[in-house]
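Just so it is clear: chains get the letters A, B, ... in the order the sequence lines come, proteins before strands, and each one is counted from 1.
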2 protein chains.
Amino acid sequence: MQADAWTPPPVLLTVDLVILTLRQSRLCVLLVERGEDPFNGMRALPGGFLNNDREEIVDAARRELHEETGLNVDRVHLEQLAIYGSVDRDPRGRVVSVAHLAIVPDLPEPVAGTDAKAAAWVPAETVLAGEIDMAFDHLQIVTDGIERARSHLEFTALATAFCSEPFTIAELQQVYEAVWGTPLDTRNFYRKVRATTGFVVPDTAGARSTGGRPARLYRAGPNTTLLPPLTRPHATTPDAETTREEPT
Amino acid sequence: MQADAWTPPPVLLTVDLVILTLRQSRLCVLLVERGEDPFNGMRALPGGFLNNDREEIVDAARRELHEETGLNVDRVHLEQLAIYGSVDRDPRGRVVSVAHLAIVPDLPEPVAGTDAKAAAWVPAETVLAGEIDMAFDHLQIVTDGIERARSHLEFTALATAFCSEPFTIAELQQVYEAVWGTPLDTRNFYRKVRATTGFVVPDTAGARSTGGRPARLYRAGPNTTLLPPLTRPHATTPDAETTREEPT
DNA sequence: CAAATAGTGTCTTTGAGACACTATTGA
DNA sequence: TCAATAGTGTCTCAAAGACACTATTTG
């Protein structure tokens, strides 16, 4: 160890948000267009620096989330994702980003950004395919965030965070299908969800009709962990056959 | 956003390490004794500040790991755990810690610390029971790290990181039993491990005897993810304890 | 030989997926 | 009435756990 004159190097801390939602049964992520260098004009995740050195990281994330979505932030799912702190990720200097994953229900069409910069929902598929020019290492962050969501759907009640309450089982299934990108059997899904204790609870209200028999309504249940888990179809063998049911 | 005179507040970045190993079939964590304020004399995780603003975070973690264990760091498991950045966690100011999880095989008795501060392996059980006075929020970090390890044993080949190669299936089982704290059926475990593709591969060497029939030897296989997973016995009691506390 | 540990076979239970079937609405 | 969606019953298959059994070593 060296003399006590040495002091550790300071860094700048930002929060970045992977905000996911379902729009028309497609998984979408909220991206803004950068209005300044570096990466001027490219797409980026919503985020920004800490306001001051007394601001909690999670509060900074909540603040950004509220600014971008206009939502009452207390009710949305927000969790820490990972930290991205590579030396060269930001040309301005040593900027370390604390990435967060946020899940919100479908919002009224315009993103109620109080901010001037253009914000837009972009299909996850488009982003993951690399079709969007992303600033910094934000493509990596989005990729990690989506994978986190996919995994959490298996073991936690995260899917309910995508739904406006009350919701139907069919709506919940659409979440799974959109996030995982796989079709699921309606009937097995229905039984599975109802058999998982504390996942959903019946809503007092009646039913909702969409051209067929009205569906019962539910709300998120008390449990956050799914026992047993709702396992996604892992590609064990390249048996990618979608065995379709015979039309009757 | 405000005028361009405003600059974001800098923070100090540390890396902290939850280093786990098995000693006499017990899960242990490496703790050091602090030799200075704050928290002088209390136990803490190994860790420290970035050396300079060109040092990658993972390199700082590797450096600390090497200093504390003397191991060739290239071969040990090291992953980012979470970030802990609560405003009041360090009385010296705004210090944000990037916690890491490291898994090492059982080491020769003395911890080859090049550092003066006393380092010791402490049973995980003792720490989790709150019997150790821990500095900062390090008890929380250890708790999160152990839970991460428990979870990763199910879905990844992390258990092999606890073993010196070559190892026997029985040794691998001891890892699971120690980390999960549950006894497992030897025979079912044996079949399960061997049925999981790419988990372990037979070693060319012969066998190892411990008073009975000698056991075959294995090495870590090519796969890091376990398909199918090796599920731990979940307590079938519904939730109640799932207060997922976010890292601050 | 017995004691000890390694490794196999096989039964039972459970849960996931496939899919026929019934129920309840709107057009 | 039919088309459409909600919800139930039941079969089959595969994986997990229980556990009797065989195999190979040391003392």
Side-chain angles (χ1 to χ4, degrees), chain A residues 25 153-155 163 166-177 180 182-197 199-203 205-218 226-237 239-248, chain B residues 25 153-155 163 166-177 180 182-197 199-203 205-218 225-236:
Chain A
S25 303
L153 248 45
E154 295 191 79
F155 307 107
C163 299
F167 51 83
T168 67
I169 302 289
E171 285 163 2
L172 197 62
Q173 182 180 345
Q174 285 177 12
V175 172
Y176 277 89
E177 293 184 328
W180 284 348
T182 3
L184 299 173
D185 184 280
T186 317
R187 302 152 292 185
N188 291 334
F189 184 83
Y190 190 95
R191 247 189 307 98
K192 190 72 168 70
V193 168
R194 300 211 43 188
T196 303
T197 50
F199 189 8
V200 297
V201 293
D203 189 70
R208 180 184 304 163
S209 175
T210 52
R213 171 176 176 174
R216 298 176 199 159
L217 296 172
Y218 296 86
L226 263 31
L227 250 43
L230 229 152
T231 54
R232 72 176 130 165
H234 281 111
T236 320
T237 47
D239 186 43
E241 290 271 76
T242 23
T243 32
R244 292 184 61 105
E245 183 182 350
E246 298 271 27
T248 48
Chain B
S25 302
L153 285 199
E154 295 191 77
F155 308 107
C163 299
F167 51 83
T168 67
I169 302 287
E171 286 163 2
L172 198 63
Q173 182 179 345
Q174 285 177 13
V175 172
Y176 277 89
E177 294 183 327
W180 283 349
T182 6
L184 298 172
D185 185 279
T186 317
R187 301 151 295 185
N188 291 334
F189 183 83
Y190 189 94
R191 246 186 309 97
K192 189 73 169 72
V193 167
R194 300 212 42 189
T196 304
T197 50
F199 189 10
V200 298
V201 293
D203 190 70
R208 180 184 304 163
S209 175
T210 51
R213 171 175 175 175
R216 298 176 200 159
L217 296 173
Y218 295 86
T225 55
L226 264 31
L227 247 42
L230 230 151
T231 53
R232 74 175 127 164
H234 282 108
T236 28

Any base atoms under 4.0 Å from A/Ala195, or only sugar-phosphate, or nothing? Heavy atoms, all strands.
nothing
For the pair B/Leu227 and B/Thr196, evaluate side chain to side chain contact (heavy atoms under 4.5 Å, CB included) and give the outcome as yes or no after the intermediate values.
CA-CA 6 Å; B/Leu227 247 42; B/Thr196 304; 5.8 Å; no
Tell me which of B/Asn188 and A/Ile169 sits closer to the 5' end of DNA chain D, going by the nucleotide each one is nearest to.
A/Ile169
Please write out each protein N/O paired with an N/O of nucleotides 12-16 of chain C under 3.5 Å, distance rounded to 0.1 Å.
unit_1 : atom_1 : unit_2   : atom_2 : d
C/dA16 : OP1    : A/Lys192 : NZ     : 3.1

Quick check: does any side chain N or O of A/Gln173 sit under 3.5 Å from a backbone N or O of A/Leu184, one acting as donor and the other as acceptor?
yes
Step-by-step ring pair (Phe, Tyr, Trp, His ring centres under 6.0 Å) determination, A/Tyr218 to A/Phe167:
CA-CA 5 Å; A/Tyr218 296 86; A/Phe167 51 83; 7.2 Å; no
Answer whether the closest heavy-atom distance between the side chains of A/Leu172 and A/Phe189 falls below 4.5 Å.
yes
Please work out if A/Ala170 contacts a base, only the sugar-phosphate, or nothing of the nucleic acid, heavy-atom cut-off 4.0 Å.
sugar-phosphate
Donor-acceptor under 3.5 Å (B/Thr168 side chain, B/Glu171 main chain)
yes
Is the shortest heavy-atom distance from the side chain of B/Val193 to the side chain of B/Phe199 under 4.5 Å?
yes
Less than 4.0 angstrom from a charged side-chain N to a carboxylate O is my criterion; do B/Arg232 and B/Glu177 meet it?
no
Quick one: how far along DNA chain D does chain A reach, first to last nucleotide 5' to 3', anything under 4.0 Å to a heavy atom?
D/dA4 to D/dT10
Just how far, in rounded Å, is C1' of C/dC11 from CZ of B/Arg187?
13 Å
What I want to check is whether the side chains of A/Gln174 and A/Ser25 have a donor and an acceptor closer together than 3.5 Å.
yes
